[in-house]
Amino acid sequence: MTDSSRYRPQEIEERWQQHWQSQGLALTPEPGPSGADGEAAEPYYALSMFPYPSGSLHMGHVRNYVITDVIARVQRLRGRAVLHPMGWDAFGLPAENAAIERGVDPGAWTDQNIAQMRQQLQRLGLSIDWDREVATCHADYYRWTQWLFLQFLDAGLAYRSEATVNWDPIDQTVLANEQVDGEGRSWRSGALVEKRKLRQWFLKITAYADQLLDDLPKLEGWPERVRTMQANWIGRSRGAELQFEVVDADGAATGQQIQVFTTRPDTLYGVSYVVLAPEHPLVASLTSAEQQLPVTAFIDLVGRQSDQDRTAEDSPKRGVPIGARVRNPANGELVPLWIADYVLADYGTGAVMGVPAHDQRDFVFARQYELPVQQVIIPEGADEHAYEGGAWTAAGVLIHSGPYNGLSSSEAQQRIIAAAEAGGWGQGRVQYRLRDWLISRQRYWGCPIPVIHCDTCGVVPVPAEQLPVELPQGLELAGKGGSPLARLESWVAVACPCCGKPARRETDTMDTFMCSSWYYLRYSDPHNSALPFSRAAVDRWLPVDQYVGGIEHAILHLLYSRFFTKVLRDRGLLGFDEPFSQLLTQGMVQGITYKNPHSGKYIAPADVADPSDPRDPITGEVLDTFYEKMSKSKYNGVDPAVVIDRYGADTARMFILFKAPPEKDLEWDDADVEGQYRFLQRLWRLVEAAADRGLLLSPRSGGFLLAPGSVPASASDQELRRAVHTAIAAISEDLDGDYQFNTAVSELMKLSNAMASQLEAASEPVALEALAVLLVLLAPFAPHLADELWQRLGANPDGDTSVHRQRWPQVDATALRRDTVTLVIQVKGKVRGQLEVPADADAATLEKLARDSDVAAKWLEGQPPRRVIVVPGKLVNLVP
RNA sequence: GGGGGCAUGGCGGAAGUGGUAGACGCAGCGCACUUAAAAUGCGCAGACGGCGACGUUGUGGGGGUUCAAGUCCCCCUGCCCCCA
């Protein structure tokens with residue numbers, strides 16, 4: 001073989017990328033009748049979660065965009081009109097921090113990063129329609145984020161309110177609940193979040209809690225896990241709101257009421273105290289003179305704790321009585337009123353009834369402060385003395401509950417709620433864990449909230465025709481002390497759009513998740529300068545057919561986007577209920593990681609001399625070896641650019657698709673990358689050798705398949721054809737709905753193996769069919785190599801019949817047919833032998849063949865089988 | 001504590017509705033080519049026993065249903081994720 005015909009990806013990939021661009025292969029066609037054949041092109045929308053433009057592409061990005069690219073390319077080959085766009089989630093703190101640290105302009109810094117990442121992405125050979133690119137930090141995009149905010153405001157779904165909020169002391173801003181993790185830390189800075197009472201903007205996502213929850217079962221194309229996570233997050237619980245009268249020292253009603261929320265109204269007779277959150281508004285007025293001091297001290301103490309610390313089940317429960325009593329509305333009993341750390345002001349009514357016998361937290365609390373424990377529920381069928389100890393929190397049968405004795409928990413709940421509603425002391429209520437979405441941020445690099453504060457008119461929206469409210473440029477950013485925009489007096493001071501008097505701009509910017517909650521809608525109509533998108537465009541392309549991204553967005557981004565979609569639907573701006581039909585949550589890309597177990601230090605793989613016996617290069621200690629998400633601090637990252645330089649994008653793509661199923665974590669392994677490179681080289685040699693022998697494809701597009709039903713004369717031709725059509729069937733199935741790229745690649749390998757041994761003996765039409773099918777099936781995975789070989793086979797002499805313009809091949813069922821099949825003979829369920837039998841033999845024939853076989857003779861020892869099970873085409877089981 | 005998911009060779013992973021476990025690849029071993037190596041090609045390869053044809057055993061552990069279980073049911077163990 002001449003040297004010039006070796007597979008050198010470095011020499012072909014960039015050329016094809018440029019060629020595809022000049023041919024407009026990735027541009028979004030208008031759906032509808034298209035092409036000479038007049039076939040209707042159905043729209044297909046393939047979308048990856050857009051990246052934050054950090055400036056450098058990592059392997060997680062590569063995996064994400066390659067998966068979506070394969071899907072987009074397959075759909076094009078299947079004749080769909082494909083929308084496959086890309087954009088940038090470009091507002092956010094890294095740009096602002098870079099500005100503070102290095103004195104650069106955040107906008108310029110971001111644009112430079114975008115340019116750099118776009119170039120890195122293009123090296124992967126992605127079929128992205130760059131004409132539809134968006135960046136959330138550009139005014140022609142955020143103008144519409146502001147416009148949409150005003151829609152929320154107009155709908156009564158955006159409001160400003162004073163609330164106890166999460167404050168990130170490092171990033172100097174507030175955060176939404178969704179952005180605080182289980183340990184009470186900021187999702188971005190990792191700082192322990194503090195509680196502050198501030199006046200902030202919220203979106204009323206709770207108004208859509210029911211819909212967001214009830215529509216989850218419709219999302220059949222979503223992983224069960226994500227749906228469960230969202231359901232847990234919304235956390236709907238049904239219960240009751242009950243009123244306890246406050247009484248004075250003599251037991252006379254004072255006229256004040258305490259409202260408690262409970263999911264267990266059936267335990268009402270077991271109440272031995274009532275607890276208020278320390279922040280509850282009635283605490284001050286109800287505290288008795290002698291309890292004043294301890295109550296004040298306690299409130300001060302609790303103020304320094306996080307919600308997580310306060311409500312964790314294993315943390316100690318603390319509280320103080322405030323010196324007042326309330327009356328149980330069911331039995332008239334007087335019980336003390338306490339405040340305690342485990343009750344939160346903004347959850348439910350900020351007050352709970354203490355039922356130590358049937359709630360674990362109440363139980364711990366009651367034990368600690370020697371409050372009475374009254375059992376009112378017993379397990380069904382148990383006697384009332386059978387249980388003693390921890391709280392019995394399950395449902396059961398009521399005791400010590402007056403008229404409700406003997407009822408089941410669920411029946412008692414209904415009756416007690418009914419009694420409360422009739423008696424005017426409570427009602428049934430649904431409670432959510434979901435809080436309203438806090439969207440204001442005291443930072444510069446975000447989308448300005450388009451309202452103006454006027455002393456006369458109050459909060460005035462900026463008129464739509466004055467949008468965008470542009471971010472002022474050239475600001476001095478300090479990173480401390482409130483919103484930077486607030487210090488820019490020339491920007492803040494404006495005339496009220498309503499009355500014309502001097503007024504002040506809102507200086508908070510929006511949470512970046514606002515910007516990312518609607519970008520997938522903008523791609524349908526990215527250049528619209530009159531609206532964020534036209535109803536026609538958005539309804540044509542959406543919902544997104546396939547969305548691909550990381551599981552880390554299971555709650556935040558996906559919940560917010562669903563919320564946006566439902567609100568915009570109710571505003572008549574779009575006509576569907578859910579934004580994403582199918583969701584694929586791809587696993588992480590992990591790198592091999594070495595860690596010194598004693599010092600805890602990470603060691604770079606390059607410093608480990610012998611990977612089979614990894615040791616610390618300095619101390620010689622044996623290192624721990626494991627796979628973990630790639631990151632700089634662990635020295636376990638692999639730079640995509642280095643891999644592409646060395647092996648080409650096609651190898652990187654193939655490796656990443658083959659190594660693991662898409663939703664599982666993927667362990668990066670250089671040896672496997674080499675293996676993948678070898679496979680592509682084998683393909684190259686296989687096709688080149690065929691071309692050298694004069695096997696050439698005519699440029700006619702789509703005409704490479706043999707007529708359906710063709711049966712070649714020779715057995716070897718039939719065998720090759722069977723391999724070809726088996727591959728078509730298997731790969732088509734792997735790419736249908738739930739994606740199994742790993743097995744699809746392995747089917748390509750099998751086809752290539754079959755062709756390597758059978759192609760030379762094959763007749764020309766069968767060989768050409770095999771070659772063409774191989775390259776079309778390969779095209780979505782290794783697009784450069786497939787197009788190069790397609791051309792080398794003569795199928796693209798003028799450059800306009802690219803392999804990517806072909807049609808996905810159809811399976812010819814006759815090619816899969818066999819004359820004989822291997823029949824497995826089992827004796828008592830164990831495989832004892834096999835027999836070649838005619839493929840069309842009926843059950844009786846198969847049974848006879850099996851009974852008469854040597855295997856039967858050997859294992860049945862002359863005894864006739866008691867029973868025979870025949871699975872036609874598969875096996876015969878002889879049971880002695 | 002509640003919920004969701006997972007467990008298959010040395011490794012990554014395959015196995016429509018129960019029907020030949022280990023496809024495909026990596027690592028490994030043998031052979032060919034080579035002065036040699038690399039590359040390439042051909043072959044072997046779950047474990048145990050046997051020179052062999054074969055046999056036994058085997059999908060985290062234990063039980064069950066079935067002619068037949070990686071797959072279905074029950075119990076247990078371990079790991080991951082979400083919510084407390």
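The sequence lines fix the lettering, A, B, ..., with proteins before strands; numbering per chain opens at 1.
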Under the rule for salt bridge (Lys or Arg N to Asp or Glu O under 4.0 Å), what residues qualify as partners of [X], not counting sequence neighbours?
{"X": "A:Lys848", "result": "A:Asp852"}
{"X": "A:Asp812", "result": "A:Arg721"}
{"X": "A:Glu628", "result": "A:Lys634"}
{"X": "A:Asp670", "result": "none"}

Please report, rounded to the nearest Å, how far the [atom2] atom of [N] is from the [atom1] atom of [X].
{"X": "A:Phe679", "N": "B:G25", "atom1": "CZ", "atom2": "C1'", "answer": "10 Å"}
{"X": "A:Gln676", "N": "B:A27", "atom1": "CD", "atom2": "C1'", "answer": "16 Å"}
{"X": "A:Glu552", "N": "B:C80", "atom1": "CD", "atom2": "P", "answer": "19 Å"}
{"X": "A:Leu213", "N": "B:C82", "atom1": "CG", "atom2": "P", "answer": "20 Å"}
{"X": "A:Leu680", "N": "B:A39", "atom1": "CG", "atom2": "P", "answer": "17 Å"}
{"X": "A:Tyr647", "N": "B:C26", "atom1": "OH", "atom2": "P", "answer": "13 Å"}
{"X": "A:Phe363", "N": "B:G1", "atom1": "CZ", "atom2": "P", "answer": "16 Å"}
{"X": "A:Phe626", "N": "B:C79", "atom1": "CZ", "atom2": "P", "answer": "16 Å"}

Show every donor-acceptor pair shorter than 3.5 Å between a side-chain atom in residues 867-880 of chain A and any protein atom, with sequence neighbours excluded, or say none if there are none.
| unit_1 | atom_1 | unit_2 | atom_2 | d |
| --- | --- | --- | --- | --- |
| A:Asn877 | OD1 | A:Lys828 | N | 3.4 |
| A:Asn877 | OD1 | A:Gly829 | N | 2.9 |

Taking only the [atom1] atom of each, what is the distance from [N] to [M] in whole angstrom?
{"N": "B:U77", "M": "B:G22", "atom1": "C1'", "result": "25 Å"}
{"N": "B:A15", "M": "B:C76", "atom1": "P", "result": "30 Å"}
{"N": "B:G13", "M": "B:C75", "atom1": "P", "result": "29 Å"}
{"N": "B:U57", "M": "B:G63", "atom1": "P", "result": "15 Å"}
{"N": "B:A69", "M": "B:G18", "atom1": "P", "result": "13 Å"}
{"N": "B:G9", "M": "B:U59", "atom1": "P", "result": "9 Å"}
{"N": "B:G4", "M": "B:C24", "atom1": "P", "result": "37 Å"}
{"N": "B:U35", "M": "B:A21", "atom1": "C1'", "result": "46 Å"}

**OP:** Quick one: pull up OH in A:Tyr739 and CD in A:Gln582 and give me the separation to the nearest 0.5 Å.
**Re:**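 Rounded to the nearest 0.5 Å, the OH-CD separation comes out at 6.5 Å.
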**OP:** Output yes when at least one side-chain N/O atom of A:Arg678 is less than 4.0 Å from OP1 or OP2 of B:G25, else no.
**Re:**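 No, no such contact exists.
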Subject >> Phosphate OP1/OP2 of B:U56: any A:Arg832 side-chain N/O under 4.0 Å >> reply: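 True: A:Arg832 side-chain N/O within range (under 4.0 Å) of B:U56 OP1/OP2.
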**OP:** Under the side-chain contact (heavy atoms from CB on, under 4.5 Å) rule, collect the residues that match up with A:Ser716, sequence neighbours excluded.
**Re:**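 By the side-chain contact (heavy atoms from CB on, under 4.5 Å) rule, A:Ser716 matches A:Ser714.
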**OP:** For A:Arg722, enumerate each residue passing the side-chain contact (heavy atoms from CB on, under 4.5 Å) test, keeping only those at least two apart in sequence or located in another chain.
**Re:**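 Partners of A:Arg722 by the side-chain contact (heavy atoms from CB on, under 4.5 Å) criterion, ordered by chain and then number, come out as A:Glu719, A:Thr726, A:Arg818.
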Any N/O pairs under 3.5 Å between the protein and nucleotides 11-18 of chain B? List them or say none.
| unit_1 | atom_1 | unit_2 | atom_2 | d |
| --- | --- | --- | --- | --- |
| B:G12 | O2' | A:Lys659 | O | 2.7 |
| B:G13 | OP1 | A:Lys664 | NZ | 3.3 |
| B:G13 | O3' | A:Asn742 | ND2 | 3.2 |
| B:A14 | OP1 | A:Asn742 | ND2 | 3.0 |
| B:A15 | OP1 | A:Gln740 | NE2 | 3.4 |

Original post:
Dot-bracket for RNA chain B, 5' to 3', with Watson-Crick and G-U pairs under 3.5 Å, [ ] for crossing pairs and | for other-strand pairs: what is it?
Top reply: (((((((..(((......[....))).(((((.......))))).((((....))))..(((((..]....)))))))))))).
Original post:
In this structure, which one of A:Phe563, A:Tyr432, A:Trp437 forms a ring-ring contact (aromatic ring centres under 6.0 Å, His included) with A:Tyr208?
Top reply: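 Single pass found, and it is A:Phe563.
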Original post:
Among the nucleotides B:U40, B:U20, B:G19, which one has an atom lying closest to any side-chain atom of A:Val871?
Top reply: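 Comparing B:U40, B:U20, B:G19 against the side chain of A:Val871, the answer is B:G19.
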**OP:** Check every strand shown and say whether A:Val879 touches a base, only sugar-phosphate, or nothing at a heavy-atom separation below 4.0 Å.
**Re:**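 Touches sugar-phosphate only.
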Original post:
Which part of the nucleic acid does A:Arg682 contact within heavy-atom distance under 4.0 Å: base, sugar-phosphate only, or nothing?
Top reply: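 Contact class for A:Arg682: sugar-phosphate only.
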Subject >> All pairs passing salt bridge (Lys or Arg N to Asp or Glu O under 4.0 Å) where residues 742-755 of chain A contributes a residue, at least two apart >> reply: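 Sorted pair list: A:Glu747-A:Lys750.
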Original post:
Start at the 5' end of RNA chain B and walk down; is the nucleotide closest to A:Met229 or to A:Asn753 reached first?
Top reply: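 Its nearest nucleotide being more 5', the pick is A:Asn753.
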Original post:
5'-most contact on RNA chain B: A:Ile869 or A:Ile555, nearest heavy atom basis?
Top reply: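 Closest to the 5' end, via its nearest nucleotide, is A:Ile869.
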Original post:
So which of A:Val687, A:Asp650, A:Leu775 actually passes side-chain contact (heavy atoms from CB on, under 4.5 Å) with A:Leu785?
Top reply: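 That would be A:Asp650.
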Original post:
For B:G13, is chi within 90° of 0 (syn) or not (anti)?
Top reply: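 That one's anti.
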Subject >> With A:Thr820 via side-chain hydrogen bond (donor to acceptor under 3.5 Å, both in side chains) - residues at least two apart >> reply: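 Residues passing side-chain hydrogen bond (donor to acceptor under 3.5 Å, both in side chains) with A:Thr820: A:Glu836.
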With 3.5 Å as the limit, what N/O pairs link the protein to nucleotides 2-5 of chain B?
none

Original post:
Is it the case that more than 12 heavy atoms not belonging to A:Asp819 sit under 6.0 Å from its CG atom?
Top reply: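 No.
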